[in-house]
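Quick notes on the structure that follows.
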2 protein chains.
Amino acid sequence: MTAKNTPINPRKTPRQARSRATCDAILEAAARILERQGDEALTTNLVAEVAGVSIGSLYQYYPTKEAIMAELVRAMRQQMHDDMAAAARAAAGSGLEQEVDALVAATLRHHLRNPSLAHALEVAEERLPLDAETAALKQGMAKVVVGTLERNGIVDAPAIAFDLIAIGHGLADAATSAGERDFDCLQRRMRRAILGYLGSPQV
Amino acid sequence: MTAKNTPINPRKTPRQARSRATCDAILEAAARILERQGDEALTTNLVAEVAGVSIGSLYQYYPTKEAIMAELVRAMRQQMHDDMAAAARAAAGSGLEQEVDALVAATLRHHLRNPSLAHALEVAEERLPLDAETAALKQGMAKVVVGTLERNGIVDAPAIAFDLIAIGHGLADAATSAGERDFDCLQRRMRRAILGYLGSPQV
DNA sequence: GCATAATGTGAGCAAATACTTGCATCTGGC
DNA sequence: GCCAGATGCAAGTATTTGCTCACATTATGC
């Protein structure tokens, strides 16, 4: 019994042998569709077809279309959280500007790795019930930023972290949506926006 | 003959007498549904029902569901554009900070008037073909910001305007999505973000 | 080898949805 | 008053979509 009830959005992914491959194929297919055709095209039948799996198999592991999306969102937040936490840890103590750079770089890497998928997942996340695990990951990311600010003596860190995340998100989203792919250029602008908000002397 | 071909997204809204009221009722119903239940709930049948109009009538004026959304988006961009242009005109020559404040206020008024509708329309806009008129309005808004920057001697104004709009959008979106409704508080933070990016001495 | 459980299959169902069509009703100019 | 065109109506169609179910295939412990 590996948690299989509540037929709503939590998935029931028991795994034994080849079934793992089936689950992965489903997730990868869903990601590809989301990336290339957007969430309007994401139908369970298409996902199954692209994954090379029958719909029956799909529904054996994901009780709902939303469960598939939720799993993709969770995986994305997990990776983003881990990247940010690692970046913050590596840069901890090197001073505000260096630490900001590290976090910005992690954020940009995330957005530039697969811009359209990242965007689609963020849009999708809005209308999903947002399971506890994903919510915890988002909170964790905010905590990372708060920690960085506090470590550098910035007061009212939670409120400021909120704004900085919003600003960074807005910039990255607008730029990637416009087709920008230049990491260094975006890095400079993010830095300018964040340090500017913080009132640093700037570069 | 009042432009009625191209059955795709441009609407065919001939108006004579009571038909105007029908069109308005349809748009208002669509806005209410979008605002309260999100775009997933926006079906043509529901729109007609809420508008107190038959689906036949709906399709007489809007050839497509997308046409209704496009019209709502166009109207919203129109209002936003006019507000921003008026604000910029009124504050022109009063110095960078005052002019920024005026533009920020116009933006915030827009977002706070009906946060969920504004957000839904912006999300909807992304996947719509974006007709020429709406595109022109968006360009016009960018021009307003560019003009304000140039008037105050800021170089590379178009690129900076792009970033400032992205930043403002990100902040307003995150805050309203989180339920914030305090105009003054948001105004201060927007100001801080924008003037910070511009490298002004800050408040 | 074989019984048993795990996994895979895909035709098909019920509901929803965008949209059409044929007809009824209203309205304004004469 | 009357009629031609404008407007309104809603049952109905064709399609799509999420999902089920009855059965086939495969893997594994013994």
Side-chain angles (χ1 to χ4, degrees), chain A residues 1-27 29-30 33-34 37-71 124 127-129, chain B residues 1-27 29-30 33-34 37-71 124 127-129:
Chain A
M1 211 184 304
T2 52
K4 40 171 53 197
N5 9 28
T6 59
I8 329 175
N9 67 60
R11 68 252 108 105
K12 52 148 185 169
T13 32
R15 58 215 60 173
Q16 239 91 69
R18 63 209 199 273
S19 63
R20 181 71 252 154
T22 300
C23 288
D24 289 349
I26 290 168
L27 290 179
I33 294 167
L34 225 39
Q37 308 177 247
D39 62 349
E40 305 242 53
L42 193 84
T43 69
T44 51
N45 291 295
L46 217 210
V47 171
E49 185 190 326
V50 171
V53 152
S54 75
I55 341 126
S57 293
L58 184 152
Y59 275 97
Q60 189 152 25
Y61 300 108
Y62 301 96
T64 263
K65 188 173 83 156
E66 281 69 37
I68 300 175
M69 313 246 296
E71 174 61 20
R127 42 183 143 198
L128 253 38
Chain B
M1 213 185 302
T2 53
K4 41 171 50 195
N5 10 28
T6 58
I8 329 175
N9 66 58
R11 69 250 106 108
K12 51 149 184 168
T13 33
R15 58 213 59 172
Q16 239 91 71
R18 63 211 199 274
S19 63
R20 181 70 253 154
T22 301
C23 287
D24 289 349
I26 290 167
L27 290 179
I33 293 166
L34 226 39
Q37 307 177 247
D39 62 349
E40 305 242 53
L42 193 83
T43 69
T44 51
N45 292 295
L46 216 210
V47 171
E49 185 190 326
V50 170
V53 151
S54 75
I55 341 124
S57 293
L58 184 152
Y59 275 97
Q60 189 154 24
Y61 300 107
Y62 300 96
T64 264
K65 188 173 84 155
E66 280 71 36
I68 301 174
M69 313 247 297
E71 174 60 21
R127 42 182 144 199
L128 253 39

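Source: prediction; values computed, not measured. Convention: sequence-line order gives letters A, B, ...; per-chain numbering from 1.
The side chain to side chain donor-acceptor pair (under 3.5 Å) check on A:S57 picks up A:S54, with sequence neighbours excluded. Listed by chain and residue number, B:R20 satisfy the salt bridge (charged side-chain N to carboxylate O under 4.0 Å, His left out) test with B:D24 (two or more places apart in sequence, or in another chain).
Within the 4.0 Å cut-off from OP1 or OP2 of C:dT7, not a single side-chain nitrogen or oxygen of A:T22 is found. For C:dT7, the OP1/OP2 oxygens have a side-chain nitrogen or oxygen of A:S19 closer than 4.0 Å. Using a 4.0 Å cut-off, no side-chain N or O of B:S57 falls inside it from OP1 or OP2 of D:dT7. Taking side-chain N and O atoms only, A:S54 has no distance below 4.0 Å to OP1 or OP2 of C:dG10.
Straight-line distance from the OH atom of B:Y62 to the C1' atom of D:dG8: 15 Å, rounded to whole Å. If you take CD of B:Q60 and C1' of C:dC26, they are 13 Å apart, rounded to a whole angstrom. One interatomic measurement links the two molecules: CZ of B:R18 to C1' of C:dG28, which rounds to 11 Å at whole-angstrom precision. Taking atom CZ on A:R20 and atom C1' on D:dA27, their separation rounds to 18 Å, with Å as the unit.
Of the listed nucleotides (D:dT7, D:dC9, C:dT7), C:dT7 has the atom at the smallest distance from the side chain of A:Y61.
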(Q) For nucleotides 11-22 of chain D, give me one character per nucleotide, 5' to 3': B if any protein heavy atom sits under 4.0 Å from the base, S if the only such contacts are to the sugar-phosphate, - if neither. (A) B-----SBBB--
Distance-only check: which donor-acceptor pairs under 3.5 Å involve side-chain atoms of residues 40-50 of chain B, not counting sequence neighbours?
unit_1, atom_1, unit_2, atom_2, d
B:T43, OG1, B:L46, N, 3.1
B:T44, OG1, B:Y59, OH, 3.4

